[in-house]
Amino acid sequence: MLIDSFKRPIEYLRLSLTDRCDLRCVYCMSERMRFEPHDQILSLEEIERVCAAFIRLGVRKIRLTGGEPLVRRNALHLIGILGEWVRDGRLGELTLTTNGTRLAEFAGHLAAAGIRRINVSLDTLDPERFAALTRGGRLERVLEGLAAARAAGLRVRVNAVALRGVTDRDGPALVEWCHGQGFDLCFIEVMPLGEGRAVQDAASLPLAELRGLLERRWTLADSPYRSGGPARYVQVAETGGRIGFIAPEGHGFCHECNRVRMSCTGLLYPCLGREVAHDLRPVLRSGAGDSDLDRHLSDGIALKPAHHAFAAGCSAASPARAMSVTGG
Ligand code: SAM
Ligand code: SF4
């Protein structure tokens, strides 16, 4: 079992398959984002080996993310292997976070591989604002992807970053549309990572304000529903759907945090809101055996701090790395 220094069992791995992406969301990547050289990126075989080690040590859930996981060549090959591990009971759940641009092509394959639910990031249904926020993305493609996910029977949660000038205008329409489609919707406050630090200062929309705005139109009741993460949900009486809210500030969730993250280069990040990381690539490439790898995973977990370092008005103290390194 992987137990950290604060007696939290680690059961959830978020795995970045690539730092590349076909979009450039303003709160995530700079326009001229520099990516890791190919030889620094773990091969799919190396990633498979790390996953097997995590599972051996008690991880029950893996979420594939990025960058955009579906732009990684042969991602489906790894997804197929991990899906097999879900089928034979080695792994409890395999999920994916995607920007949706390639879902029209992939949704059926994901469902066939054993994925049951996915998160799709979509901040607005306004094509122009979508293109501006993603620096050139086409909303239409994401909507086609979401339709394909629905048709394939995948459960979808749409994630939207709460932005002033966007969510205060387009949030209600997004709620109405998502609930009409049978999708949960989760609003995420801008987190002070990489490009998000400047966006947080300039355009973050506090979730309490957003909730107040939504309450002008709908009746929201706090819900005990939990999706296994930091989101707090409300039930919307009129639509019958759910809305989640994820705020980075506060440490309310840290004491029960059961997750760690790994970058596509093999850096194990025990906490999203800290710089600390343990490099697994040298051990993976040194010919070391499984017991050495297991020991390195435990060493990385031992670095997990009691709580993150996100703090209101203190973005200078937050990690400089982009969210795309760890996939959120
Ligand atoms: N490319 C995929 C996507 O967009 O869903 C997966 C990776 S992306 C980094 C994962 C999530 O992080 C997305 O929902 C995105 O909106 C969110 N994200 C990126 N930068 C953020 C920031 N600074 N604050 C809050 N959420 C952020
Ligand atoms: Fe790409 Fe996702 Fe980052 Fe947007 S949030 S740039 S889609 S990795």
Side-chain angles (χ1 to χ4, degrees), residues 14-36 63-72 75 95-103 106 110 117-124 130-139 141-142 145-146 149 156-164 166-167 174 178 183-207 210 227 229-231 244-249 259 261-264 269 272-273 308 310 312 315 318-328:
R14 289 194 171 201
L15 190 62
S16 172
L17 282 189
T18 175
D19 59 343
R20 269 96 174 146
C21 187
D22 50 351
L23 301 180
R24 293 287 181 279
C25 303
V26 292
Y27 44 73
C28 180
M29 290 191 187
S30 81
E31 217 158 355
R32 294 173 198 282
M33 183 79 182
R34 291 173 66 153
F35 298 108
E36 296 288 347
R63 176 177 295 278
L64 302 176
T65 174
E68 172 48 41
L70 297 180
V71 305
R72 171 100 195 223
T95 57
L96 178 96
T97 300
T98 173
N99 63 24
T101 60
R102 299 192 171 195
L103 262 183
F106 282 102
L110 299 179
R117 54 188 189 126
I118 58 172
N119 289 353
V120 181
S121 305
L122 175 62
D123 300 327
T124 173
F130 180 83
L133 275 176
T134 56
R135 297 199 185 93
R138 283 178 45 222
L139 174 68
R141 289 188 63 184
V142 179
L146 281 163
V156 173
R157 185 179 91 182
V158 169
N159 283 341
V161 175
L163 299 164
R164 200 172 288 288
V166 178
T167 321
L174 197 56
C178 285
F183 302 155
D184 280 344
L185 170 62
C186 193
F187 290 109
I188 306 174
E189 211 165 275
V190 182
M191 298 188 197
L193 285 165
E195 297 294 299
R197 293 179 298 174
V199 175
Q200 188 190 47
D201 293 340
S204 179
L205 178 64
L207 295 183
L210 175 60
S227 51
F245 296 95
I246 298 180
E249 316 297 357
R259 61 188 61 184
R261 295 165 169 85
M262 190 177 79
S263 74
C264 63
Y269 285 96
L272 177 66
H308 62 70
F310 296 136
S315 54
S318 299
R321 81 180 121 80
M323 189 72 104
S324 55
V325 173
T326 53

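Just so you know, residue 1 is the first one in the sequence shown, and it goes up from there. Only a predicted model underlies this, so the values are computations on that prediction, with no experimental measurement involved. All ligand and atom numbering here is 1-based and tracks the order in the structure. Note that these values count all heavy atoms, side chains included, but never hydrogens, waters or copies made by symmetry.
Closest heavy-atom contact between L23 and M29: O-SD, 4.1 Å.
For the side chain to side chain donor-acceptor pair (under 3.5 Å) test, no residue two or more places apart in sequence or in another chain qualifies with S121. The salt bridge (charged side-chain N to carboxylate O under 4.0 Å, His left out) check on R141 picks up nothing, with sequence neighbours excluded.
Annotation: side chain of T134 is not in contact with side chain of N99 (no heavy-atom distance under 4.5 Å). Looking at heavy atoms from C-beta onward, D123 lies in side-chain contact with Y27 at the 4.5 angstrom threshold.
Rounding to the nearest 0.5 Å gives a distance of 11.0 Å between CG of L64 and CZ of R72. To the nearest 0.5 Å, atom CG of residue N159 and atom CD1 of residue I118 are 11.0 Å apart.
Among R135, E195, E31, the one residue that satisfies the side-chain contact (heavy atoms from CB on, under 4.5 Å) test with V26 is R135.
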Is there any protein N/O under 3.5 Å from an N/O of ligand 1, and what does the full list of such pairs look like?
unit_1	atom_1	unit_2	atom_2	d
ligand 1	1 (N)	G67	O	3.0
ligand 1	1 (N)	E68	OE1	3.3
ligand 1	4 (O)	S121	OG	3.4
ligand 1	5 (O)	T98	O	3.2
ligand 1	5 (O)	S121	OG	2.6
ligand 1	14 (O)	S121	OG	2.7
ligand 1	23 (N)	Y27	O	3.0
ligand 1	23 (N)	M191	O	3.0
ligand 1	24 (N)	M191	N	2.7

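Neighbouring protein atoms of atom 3 (Fe) of ligand 2 (N, O or S, distance under 2.8 Å, waters ignored): C28 SG.
Judged by distance alone, the side chains of T18 and E68 never bring a donor and an acceptor atom under 3.5 Å apart.
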